[in-house]
Amino acid sequence: MRTLTRLAPAFLLGLVVSGCADDAETTERPTPSASPADPSPGNPSTGNPSTGDELTLDGGVTVVGEWEEAELLGDRLPAGEAFGLPRVVYAVADPDDGEQRALVSYGLLSEGRIFRTVPALSPEEEEAPDGMDLYGGFEEQGAYDLLGAVPGRVAVSVEAPDGTVEPVAAQSATVLPGWTVFHHRGPWSPDWDALAAAPLVVTTDDGVRVEVRERSWVG
């Protein structure tokens, strides 16, 4: 299980280096789209600008990340937009892992290719007994993005502090075989601590309950 890290939004957006600021077995409901300059954890790259690739967009915006060269392990899960491009969640065998375990990432679709912006999850390395791996859930411009993976084929929901439960925005059992990968974007409550993750609980229909503040990370 990773150590929770809260990075400043300025760092998360710092890798925008210049410019102005239908998959099988996938369920999705409408969610707010990220604006081109939205610095939510799922939008910018967390790579090193000196070693990553660059994607130059209309308007002169340049995003640092990596063009995905590995073969996808399953389908792509739609996750709104970032920088005016479709954003997806997908999985590949991690080329930097000697055991070739899965890496689940955010990426942008551009001219038929995937430009990886955030390598977010390594589900097969999660040590918690329930196996749920979470990324994100922090406040950015009045909203939060949450990405996760949990073993098996399950229905995933998000429970708010007041007990309200809603299904996640999108989930799929075909992004990574043997796992349900999910993405959720929601509004940030002004009552929540902006320096901590959202006080939400991720639940599954087979009884798993995980507090975002205890499990999620950004980096």
Give a yes or no on whether the backbone of [Y] and the side-chain of [X] come within a donor-acceptor separation of less than 3.5 Å.
{"X": "Ser216", "Y": "Gly136", "result": "yes"}
{"X": "Thr180", "Y": "Gly152", "result": "yes"}
{"X": "Asp205", "Y": "Ala155", "result": "yes"}
{"X": "Glu159", "Y": "Pro161", "result": "no"}
{"X": "Glu54", "Y": "Gly65", "result": "no"}
{"X": "His183", "Y": "Leu147", "result": "no"}
{"X": "Ser172", "Y": "Thr174", "result": "yes"}
{"X": "Asp133", "Y": "Leu121", "result": "no"}
{"X": "Glu124", "Y": "Ala102", "result": "yes"}
{"X": "Gln171", "Y": "Val156", "result": "yes"}

Test log, rule side chain to side chain contact (heavy atoms under 4.5 Å, CB included), inputs Val202 and Phe182: CA-CA 11 Å; Val202 180; Phe182 58 91; 3.8 Å; yes
Min side-chain heavy-atom separation Phe138-Tyr144 under 4.5 Å: no
pair Val212-Leu146: side-chain heavy atoms closer than 4.5 Å: yes
Asp145/Arg87 ion pair, N-O < 4.0 Å: yes
Residues Asp130, Arg215; criterion salt bridge (Lys or Arg N to Asp or Glu O under 4.0 Å); working and verdict: CA-CA 11 Å; Asp130 55 62; Arg215 187 72 57 83; 2.9 Å; yes
